[in-house]
Protein chains: 4
Amino acid sequence: MVKGAQGIRHWGIELDGFTAGPSNSIADVAGVTVGHTTLAAGAIQTGVTAIRPHQGNLFRDKVPAACCVINGFGKSIGLVQLQELGVLETPILLTNTFSVPAAAEALLDLALSENPDIGVSTGTVNPVVCECNDGYLNDIRGRHITKKHAAEALNACSQRVEQGAVGAGRGMSCFGLKGGVGTSSRQIDVEGHTHTIGGLVLTNFGRLESLSFAGVSVHDLMATSEGTAEERGSVIVIAASDLPCDSRQLQRLARRASVGLARTGSYFGHGSGDICLAFSTGQTIPHKPEHLTYQRQALHEDALDLAFRAFGTMVEEAVLNSLICSDTVTGRDGHTRYSISQWKSEIIGRFGAHGDRPSL
Amino acid sequence: MVKGAQGIRHWGIELDGFTAGPSNSIADVAGVTVGHTTLAAGAIQTGVTAIRPHQGNLFRDKVPAACCVINGFGKSIGLVQLQELGVLETPILLTNTFSVPAAAEALLDLALSENPDIGVSTGTVNPVVCECNDGYLNDIRGRHITKKHAAEALNACSQRVEQGAVGAGRGMSCFGLKGGVGTSSRQIDVEGHTHTIGGLVLTNFGRLESLSFAGVSVHDLMATSEGTAEERGSVIVIAASDLPCDSRQLQRLARRASVGLARTGSYFGHGSGDICLAFSTGQTIPHKPEHLTYQRQALHEDALDLAFRAFGTMVEEAVLNSLICSDTVTGRDGHTRYSISQWKSEIIGRFGAHGDRPSL
Amino acid sequence: MVKGAQGIRHWGIELDGFTAGPSNSIADVAGVTVGHTTLAAGAIQTGVTAIRPHQGNLFRDKVPAACCVINGFGKSIGLVQLQELGVLETPILLTNTFSVPAAAEALLDLALSENPDIGVSTGTVNPVVCECNDGYLNDIRGRHITKKHAAEALNACSQRVEQGAVGAGRGMSCFGLKGGVGTSSRQIDVEGHTHTIGGLVLTNFGRLESLSFAGVSVHDLMATSEGTAEERGSVIVIAASDLPCDSRQLQRLARRASVGLARTGSYFGHGSGDICLAFSTGQTIPHKPEHLTYQRQALHEDALDLAFRAFGTMVEEAVLNSLICSDTVTGRDGHTRYSISQWKSEIIGRFGAHGDRPSL
Amino acid sequence: MVKGAQGIRHWGIELDGFTAGPSNSIADVAGVTVGHTTLAAGAIQTGVTAIRPHQGNLFRDKVPAACCVINGFGKSIGLVQLQELGVLETPILLTNTFSVPAAAEALLDLALSENPDIGVSTGTVNPVVCECNDGYLNDIRGRHITKKHAAEALNACSQRVEQGAVGAGRGMSCFGLKGGVGTSSRQIDVEGHTHTIGGLVLTNFGRLESLSFAGVSVHDLMATSEGTAEERGSVIVIAASDLPCDSRQLQRLARRASVGLARTGSYFGHGSGDICLAFSTGQTIPHKPEHLTYQRQALHEDALDLAFRAFGTMVEEAVLNSLICSDTVTGRDGHTRYSISQWKSEIIGRFGAHGDRPSL
C-alpha cells in the first residue's frame, strides 16, 4: 500500500478550501515522477530521492525553473546556473549533505550517456542536487550513498509517490520527531482550465515546541520524546506546476514556500538550509531550437495570486504528511525519532469546531 | 492613554515564552523613537509615521541596516543604497504609496539643514521611505500628504509609540478589517546580557478568510464585514535591535519577517508589497571616521538563532496589535473598515486549554 | 543641428564591426523617444531627461524590463517593483540626485491623469527615476528642478535625441571633464531579421587618469584640466531593444553594461551609483489582459550572445559620445568642466594603424 | 624556475601605477598558498588547483568571504552557503566542470579527517569548488580527475604560485589561445599601513578578435591560430586580501572583477560562467567562539575605493599572465591552443609612447 494514502486527509484534516489532485502528490502534475532508494540498516539510515519533471531527455527539452534560498545554510549543487538561465536540464536528486557529490555523479552519468555531444560538440550539463543533514539518525560521515544508489532512485521513478521515512527522507528529523518525504497537490482554475500545483518536501527542521499541527499545538503530548531541544535542520521544497510560468514567475512562487513552512512552526533557524526549487511542465525549452524566436505560452501575472494562495497550504500539508507517514526509526548510536502517528487519536481529539484552520 | 497599552497581551494572549520589553514596543530598543502625523477628515484618511533609530545626526552617525523584499510590489525609495552600503543615514518614513516623494522631500530638508556639507563638500544623502496603498479608505489620488506633514511626524517622535489607525496606518486595511500601526518587542539573553529586538508594522494585507488570530480562525465571526473578498495589500515591517549585528546579519533577520506574517495568514499575495527593513543601534558608523580601520563590536552567527526565533512571534504580535488597536474608520466613498476589537469577547472565547499557541 | 551628429563616428572612430542604426541613438529602437529640460543659469546647471518606451499609455501596455545595480550608491526610485514584476509602467526620468522626488511627482501626475482608475478601482503605479549627483557644477542643494520641468521633458520627447550637456546631463562630470548624455545603437541579425539595441547614458563617473578613449590614454593631454583627482560619480545606462526578451533576459543584458563602462576606464568606484535599466519594445504586457494565458513572442537564450557582444561596445560608444558632445560648462562657485572636444585633433592623432580597437 | 617570473612585467608592461607584492601573486597575501595537480597525456589535459587561505584548520577558523556571480553559466558547489554566512570553511578547489564532485569529495575527506565532530556533534561542512569547461583540449567526458588528484593539489600548496597551463589551467582556452592559471597582486596604503590584494584567475573565455592586450589589439598577428571563432568559456577569479573586510565589503570587491575581465576583452558571453570569490585573511571567525559578542577589526567603507581601483588592473594583469605563461598544448582529437608568447616580440613592438595604458 502506498503511504501517500496515509496523509492528513485520512485523519480527516483539510487545511484549505482547495481541491487536491487525484493522488494528492507532486505526480498529479502530468509527467512528473518520483523514485526512492532507501538504506536502512543499523547506523545507516539514509537514501536518495529522484524527481523527474518529464519522461524525455531533459537536457534536450529543458523545463523553466527557479529557486528561492530562504536560508542558505545548505550545500546544494546546481542552483547558480538554474537561477541564471531559468531552466532545469537534469532530474532533481535529494540526499544527505555529504552525498551530494555522489548524486551529482549519477546525474552526470545519465546526461552523458543520453547525450554523446555533451562536452564534445555542445556545452556541459548542470546537475541539480539538494540535501539535508540526516546525521542524527544516520552515520553521515560514512558517505554510504554511492552513485549507484542515486541511479537506482532515478530508475525507480514512477507516478506512485511514496511518503515518509523513505529515500532521502529515511534519516531526517522534523520538530524532534521523525521527518522525511511528504507530498501534496492543489488544483486551481484559470479561466475554465484546471491547472495543478504539486509539491514534495524533504523535512529536517524544527523544534518540537514550535510545531503547529494544522494550527494546533501538540508538543505537550510528546513530553517524553527524545532530543526535542535541538534545532539542526533544513528543508527542501520541490514545486511543480503545469501553469505556463516563466522562470521569474516560478521564482515568485518558490518564495512562497516560506508560508507553508512558517505555518507548521519553522522560524528558518540559523542552521537550517531552507530552499525551494520550482519548475513548470507547461512547456519545454529545446537545447537547440528550430528557430531563435518563437511563440511560447505565457501566464499573466494576475493569475499568480491564486497559485500563491494554493501553494502555501499545499506546502503545509506536505510537511504534515511527511510527519504522519514516517514510521519511528532508530539509527546510529541508538538515536531514535518517533513517528507522530502514535499520537494520532490525541491529536485528532484536539480539532474541534472552532479549531478549524483558516482557509488561507 | 497610549493605545500601546491595548495590545493582545491585554486580551490575555501571549504567543511565545519570550519576555517583552517594558513598553512592548520598538522604543524598547534604546534610542528608538516614533512619531505620527494623522489626517482624518472625510475622504482623507491617511498619514505619515516616522521612526528614528537614534536622537543624533543620523547622516554623521549611521546605523547598520539591511532590508528584505519579500514581495517587491512596492514603491519604496532608498532601499538600493541601503542594501549596497548596509547603513541607514536618515530616519525612516512610512506613508501612503503616492506620498513617497513628499516624504522623501522632508527627509532631504532635514538632512540638508543638519549637514551644510551635503552636496557641497561631501556626497549626497539617501532618504528611506516605505509605503502601503491606503486607497480603499483614503483619497490616495489626492496626495494630501505634504512634506510639512512628514516633517511634523519627524518632530513628533517620542518613546511613546501609539498604535492603531494613526500615522501611516490611518487608512490601512488588513484582512478586510481595519489595519494600521502595530508594535511589539522581545528581550533575549546573550551570555548574561539582555538584548532587545523591537518591531513596528504597517499592516495593509490579507484576506479575512485567511486570518489566523493567534492560531485561531475567526473569520466566521465577521461574516457581515465589508469587502472581505479582496486582497490588495502590502505590509512594512521595521525591525530594530541593540544586538551588534552587521548588515549581512540584519538582512538574515529581516528575511524572518515572513514567519510572523505567514502565521497571521499572509500568503504574500501577488499585489502585496511586503518589505522588512532592519537596523541595529548596537553601534554607529561615522560618516567620516577618525581612522579607516578600527575595532567594532561583533556578534557571532550562533547568537542569531535565538534572535530569529524571538523575531517571528514578535512580528506576529505586532500585526495582531495593529488590528486590535485600530478603531473602525469610514473614508472615501463611504468605505468602512471595522475594528476587530468589537468581536473581542467572541475571539477570546475561542482560546481554550488546547488552543494555546506553540511557543515557537 | 542635432548634437547626435557629432558622435565619435564623426571623428572617424568605430569601436567594433557592428552596424549602428540610422540615427545611432536609442531612438533607432522603434517607438522610443527622448526629451530634455535643461536649466543653465549661473549656479543652476541641471535638468531632466525623459525616455519613453512607446507612445501609448504605458500603464495599460507595459513593457518587459529589468535592471542591474552594478554599484548601489544611488538614490533611484522604482527599481524594487521593476525587478519583482519585470515590467516598466511609466516613462523613465533621469535627473539630479535631490530632484528624484520632483520627477516622481511628474510621473504620478501623468499616470493619474491618463488612468482615472489608478488608486480607485485598480492598484497603484510605479514611477521610475534614476539620478546622478551633479553637485560639482550645479547648486544641487537648491533643488531647482520642479515637477513642471519634469513634465516638460516628458512632453518634449521625440525621436531626435540630443546629446551632451543637456537635460539631466547638464551638470554632470565624467573623467574630470564635462560629461552628460550620450547615445548609440547597434543592429544585429537574428535569423535574417534585423533587430536593434539602443542605449542612452548619463555619465558622471571616472578619474581623468583612468580614461581610456577608444583604447587610448589621453589624460596627459589635459594636464591643466580642473579637478582631475576626485572621483565622485555615478552613471545610468538605459538600454532598449526590439528583441522579444523577457525580464530575466533583459536583466542579463543589463548586467553587461559593465563591459562598456569598464572599457572607458570605470572601476565602479565606491561612491558611484552605477545602474543599468533595460526594456524591450518587442511586445507589451497589458495591465488587464483579455486572457490570463496567451501566446507571446520569445527569444531563445542562444540569441543573446550576439546581443551581449553588441551591447558592450555600444555602451562604450555612448559614453564617449557623451564626452565629445558636451560643451564646456561653468557652474556653481566658478567650477568648470572642460569639453574633451577641444583636444580633438591631438586625440585623433593618437589613433594609428595598430591603435585600432579590438572588435569585441 | 617558477613561471610566475614570466608575467607581463617581464615583458616590460605595467598596467597601472600600483606596486605589486614581492612575488606578484596571490601568495603575497600572508598565509595564502596554492597547489596544482596536472594531468597531461594525450587526450587528457586537465588538472586541479587548490587555494588555501591559511595554514590552519579552516573549519575551526573560518575566513570572511563572498562571491559575485557575474554570469551564472557555471557549475560550482558551495556558493549558496558562502553567500548566506559570509565565510569560507574549506580551501577552494578549481577544476574542470565534470570533476567538481570528485574535488568536493576531497574537501570532505580533508574536513572530516581534521574534524571528528563534523556530522556527529557539530553540523556539516561546506566544500567550495569552482570550474571551467576544458572540453576543447581535454577529454572532459572521461572525468579523469579523482579525489586523489584533488587531495594532491591540496597537499602541494605552497607560497610559490606556478602560472600557465598547470593545475586546473592545463586544458583551458582563452581568446582562442592557450589560457590557464594567472596571478598578480597589489599593495595599497591605508593610513600608513601596507595592505595587499592578491588574485588568481582560471581563464577559459573570450574570442580572439576581442582580445585587448594591455589596451592593444593583437588578433591580426594570430590570423592562423586555430578555433578563433568560438566563444565557450568561463573564468574564475579568486581574490584575497589582508584588509579587514567583512563579507558585504568582499562582495563589493568581488563585483569589480568584471573591470579587469572587460578590459581584456570579455563581454561576459552567454555561455561563460564568470564568477569571483573573495576572502579576507585580516581575521578569522571561530567555529565555536569563546564569546558570542566580541571585538573585531573593521574597515571603513571609504577605504574601499582604492582597493577597488587596484583590484581592476590586478585582475587584468592576472589574465594576461595566464596567457603568456601558458605553453602551447595539444589535446583530444588533435586540438591545439597556441601560446600567445610566440608573438611576444610583435606584441611588444606595438607598445609605444602613446600606447601606454591609462593608469586606472
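No hydrogens, no waters, no symmetry mates; every other heavy atom, side chains included, goes into these values. Order of the sequence lines fixes the chain letters, A, B, ..., with proteins taken first and strands second; residue numbering starts at 1 for each chain.
- With a 4.5 angstrom heavy-atom cutoff, N96(C) does not touch chain B via any of its atoms.
- In terms of heavy-atom pairs under 4.5 angstrom with chain C, the leader among V125(B), I140(B), V100(B) is V125(B).
- Across every non-hydrogen atom of S76(B) and V80(C), the tightest pair is OG-CG2, 4.0 Å.
- Contact of N71(B) with chain C is made through backbone and side chain together, with heavy-atom distances under 4.5 Å.
- Residue L112(C) touches chain B through both its backbone and its side chain, counting heavy-atom pairs closer than 4.5 Å.
- In terms of modelled atom types and a separation under 3.5 Å, the side chain of R141(B) and the main chain of V120(C) share no donor-acceptor contact.
- Q81(B) and F73(C) get closest at one heavy-atom pair: OE1-CD2, 3.4 Å.
- With a 4.5 angstrom heavy-atom cutoff, T124(C) touches chain B via backbone and side-chain atoms both.
- Of the two parts of Q83(C), neither the backbone nor the side chain holds a non-hydrogen atom closer than 4.5 Å to a non-hydrogen atom of chain B.
- Within the 4.5 angstrom heavy-atom criterion, only side-chain atoms of V69(C), from C-beta onward, approach chain B.
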Assess whether side-chain contact (heavy atoms from CB on, under 4.5 Å) is satisfied between E84(B) and I70(C), documenting all intermediate values. CA-CA 10 Å; E84(B) 177 77 32; I70(C) 303 171; over 6 Å; no
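- Annotation for I77(B) and K75(C): closest pair CD1-O, 4.4 Å, computed over non-hydrogen atoms.
- For L108(C), the parts lying under 4.5 angstrom from a heavy atom of chain B are both the backbone and the side chain.
- Taking all atoms of both residues into account, the shortest heavy-atom contact from P101(C) to E105(B) is CB-OE2, 3.5 Å.
- Taking G78(B), G74(B), G273(B) one by one and counting their heavy-atom pairs under 4.5 Å with chain C, the maximum is reached by G74(B).
- Of all the listed residues (A104(B), A103(B), P127(B), P116(B)), the one sharing the greatest number of non-hydrogen pairs under 4.5 Å with chain C is P116(B).
- If you measure heavy-atom distances from I118(C) to chain B, the contacts under 4.5 Å come from both the backbone and the side chain.
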